[in-house]
Q: 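The structure under discussion is supplied below as structure tokens; questions concerning it will follow.
Order of appearance sets the numbers: ligands from 1, and atoms from 1 within every ligand.
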Amino acid sequence: MTTPPVPSTVDVEIHLLDRGLEPPAYAHPGDAGADLRTTEDVELAPGERRLVPTGVAIALPEGYVALVHPRSGLAHRHGLSIVNTPGTVDAGYRGEIKVLLVNLDPATPVRLQRGDRIAQLVVQRVERARFVAVDDLAPSVRGVGGYGSTGGFAGAPGADRPEEEKLS
Ligand SMILES: O=c1ccn([C@H]2C[C@H](O)[C@@H](COP(=O)(O)OP(=O)(O)OP(=O)(O)O)O2)c(=O)[nH]1
Ligand SMILES: [Mg+2]
């Protein structure tokens with residue numbers, strides 16, 4: 001019988017700037033994102049965006065990043081998203097993590113109360129690139145094709161036109 005692998009964890013220092021709120025937490029074992037809460041009551045009109053505080057500051061180890069992702073349930077039910085999704089929290093950042101919320105619903109305001117879970121923080125390893133200048137890039141199968149070069153969806157306007165024509 002094989003033993004299940006031990007989940008990978010990393011210690012991340014956290015400073016709770018608002019001790020009245022629950023700290024970020026994973027809702028289930030195996031979840032990638034730990035939920036972040038708003039410290040404030042917030043009302044967002046349709047189309048409005050707002051930088052919302054979470055009351056949390058962290059010190060990531062070098063070689064890690066924390067990404068601020070929307071919560072899919074709030075996006076689905078209320079059209080609540082994040083303008084700069086996913087937000088990037090650098091390893092060297094010691095300030096309060098904030099969430100740039102946007103109400104994408106065309107008609108209905110979003111009303112959040114202090115303590116509501118508004119986003120999720122995904123901590124992951126990240127490589128730093130050493131950029132090496134060259135005159136010719138290594139060839140690849142894709143080459144310079146992008147922006148829909150492999151096709152879109154069947155009902156899209158112009159879907160019957162050749163791929164090269166649609167790109168120009
Ligand atoms: O959703 C986010 C995104 C960023 N930040 C904080 C942490 C991050 O390390 C810092 C800078 O973010 P970013 O590099 O994305 O913004 P910038 O516009 O490039 O600002 P800067 O010039 O400070 O790097 O802001 C957040 O709290 N929440
Ligand atoms: Mg930056």
Q: Could you tell me which non-hydrogen atom of Val12 sits nearest to which non-hydrogen atom of Val123, and how far apart they are?
A: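 The answer is CG2-CG1, 4.5 Å.
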Q: What residues come within 4.0 Å of ligand 1, counting heavy atoms only?
A: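 Near ligand 1, by chain and number: Val68, Asn84, Gly87, Thr88, Val89, Asp90, Tyr93, Glu96, Ile97, Lys98.
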Q: Is the shortest side-chain N to carboxylate O distance from Arg111 to Asp41 below 4.0 Å?
A: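 No.
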Q: Nearest 0.5 angstrom please: Arg49 CZ to Asn103 CG, how far?
A: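 Here the rounded value is 13.0 Å.
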Q: Would you compute the distance between atom CZ of Arg37 and atom OG1 of Thr54 and round it to the nearest 0.5 angstrom?
A: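 Between atom CZ of Arg37 and atom OG1 of Thr54 there are 11.5 Å.
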Q: Rounded to the nearest 0.5 Å, what separation is found between the CD atom of Glu40 and the CD atom of Gln113?
A: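 CD of Gln113 is found 13.5 Å from CD of Glu40.
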Q: Between Asp105 (side chain) and Thr108 (backbone), is there a donor-acceptor pair under 3.5 Å?
A: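 Such a contact is found between Asp105 side chain and Thr108 backbone.
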